Asks: 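Sending over a structure as structure tokens; questions will come in a sec.
These numbers come from the heavy atoms of this one structure, side chains and all, not from hydrogens, waters or symmetry mates. From a predicted model like this one, the values you see are computed outputs, not experimental measurements.
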Amino acid sequence: MIKVIIERRIAEGLEAIYQETIRNLMLQITERPGFLKGDAYRDVHHPNHFYVISNWRSIESWEHWQNSPERQRMLSELAPLLEQDEKCTVLALKVSYEAKPSKFARPTQTYTY
């Protein structure tokens with residue numbers, strides 16, 4: 001599994017339009033092969049900074065979506081709202097931690113690549 005973080009800076013005053021647009025666009029990717037989960041966040045200290053964090057089965061499934069005509073169409077809908085180009089970061093899970101009743105968290109899963 002990989003996690004993709006997409007950072008976007010939205011032009012001032014267009015935040016509400018972005019939130020509605022991204023909500024509709026995210027519904028369209030739920031059926032994409034390899035897509036597992038996605039969440040949209042807003043930075044609490046910088047209200048025009050937004051993040052989409054999604055989980056994909058593999059790097060290949062993400063790259064297929066990233067380069068697809070459908071995603072390019074979605075980006076063209078978002079372009080008028082952006083202050084600058086989006087930034088994508090792709091992460092591979094190495095260690096997973098969960099909170100435990102004990103004082104210190106311990107790794108619950110470790111992955112090797």
Asks: So Gln19 and Thr21, do their side chains get closer than 4.5 Å, heavy atoms only?
Replies: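 The answer is no; the side chains never approach within 4.5 Å.
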Asks: Quick one: do Lys37 and Asn55 satisfy side-chain hydrogen bond (donor to acceptor under 3.5 Å, both in side chains)? Show the steps, please.
Replies: CA-CA 5 Å; Lys37 179 181 187 260; Asn55 295 346; over 6 Å; no
Asks: Does Asn48 reach the side chain of Glu12, with side-chain heavy atoms less than 4.5 Å apart?
Replies: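 Asn48 vs Glu12: side chains apart.
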Asks: I want to check something: taking the side chain as every heavy atom from C-beta on, are Ile29 and Trp65 in contact at a cut-off of under 4.5 Å?
Replies: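 They are in contact (side-chain heavy atoms under 4.5 Å apart), so the answer is yes.
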Asks: So do the side chains of Leu75 and Glu86 get within less than 4.5 Å of each other, counting heavy atoms only?
Replies: yes
Asks: Do Trp62 and Leu25 sit in the same hydrophobic cluster, where Ile, Leu, Val, Met, Phe, Trp and Tyr count as joined when their side-chain heavy atoms come under 4.5 Å apart?
Replies: yes
Asks: Roughly how far, to the nearest 0.5 Å, is CD of Glu63 from CD1 of Ile2?
Replies: 7.5 Å
Asks: Show your reasoning for whether side-chain hydrogen bond (donor to acceptor under 3.5 Å, both in side chains) applies to Gln28 and Arg73.
Replies: CA-CA 12 Å; Gln28 297 176 35; Arg73 181 190 51 77; 2.9 Å; yes
Asks: Which residue pairs pass the ring-ring contact (aromatic ring centres under 6.0 Å, His included) test with at least one member in residues 7-35, sequence neighbours excluded?
Replies: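 For residues 7-35, and leaving out neighbouring residues, the ring-ring contact (aromatic ring centres under 6.0 Å, His included) pairs sorted by first residue read Tyr18-Phe50, Phe35-Trp56.
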Asks: Does some side-chain heavy atom of His46 sit less than 4.5 Å from a side-chain heavy atom of Arg9?
Replies: no
Asks: Using 0.5 Å steps for rounding, measure from the CD atom of Glu7 to the NE2 atom of His49.
Replies: 7.0 Å
Asks: For residues Ile53 and Val4, determine if any side-chain heavy atom of one lies less than 4.5 Å from a side-chain heavy atom of the other.
Replies: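 Counting from C-beta outward, Ile53 and Val4 never come under 4.5 Å.
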Asks: Kindly compute the distance separating CE (Met74) from CG (Asn24), expressed to the nearest 0.5 Å.
Replies: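 If we round to the nearest 0.5 Å, Met74:CE and Asn24:CG are 9.5 Å apart.
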Asks: Answer yes when Arg8 and Glu83 have at least one side-chain N-carboxylate O distance shorter than 4.0 Å, and no when they do not.
Replies: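 No, Arg8 and Glu83 are not salt-bridged.
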Asks: Under a single-linkage definition using a 4.5 Å side-chain heavy-atom cutoff for Ile, Leu, Val, Met, Phe, Trp and Tyr, are Val52 and Ile17 assigned to the same hydrophobic cluster?
Replies: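 Val52 and Ile17: one cluster.
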Asks: Determine, using the 4.5 Å side-chain heavy-atom cutoff (strictly less than), whether Leu14 and Tyr51 are members of one ILVMFWY cluster.
Replies: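 No: no chain of side-chain contacts under 4.5 Å links Leu14 to Tyr51.
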Asks: Between Lys87 and Asp85, is there a side-chain N and carboxylate O pair less than 4.0 Å apart?
Replies: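 Salt bridge between Lys87 and Asp85, a charged N being under 4.0 Å from a carboxylate O: no.
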Asks: Quick check: does any side chain N or O of Gln72 sit under 3.5 Å from a backbone N or O of Gln66, one acting as donor and the other as acceptor?
Replies: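 A pair under 3.5 Å: yes.
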Asks: Is there a side-chain contact between Ser68 and Arg71, using heavy atoms and a 4.5 Å cut-off?
Replies: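 With C-beta onward as the side chain, the pair touches.
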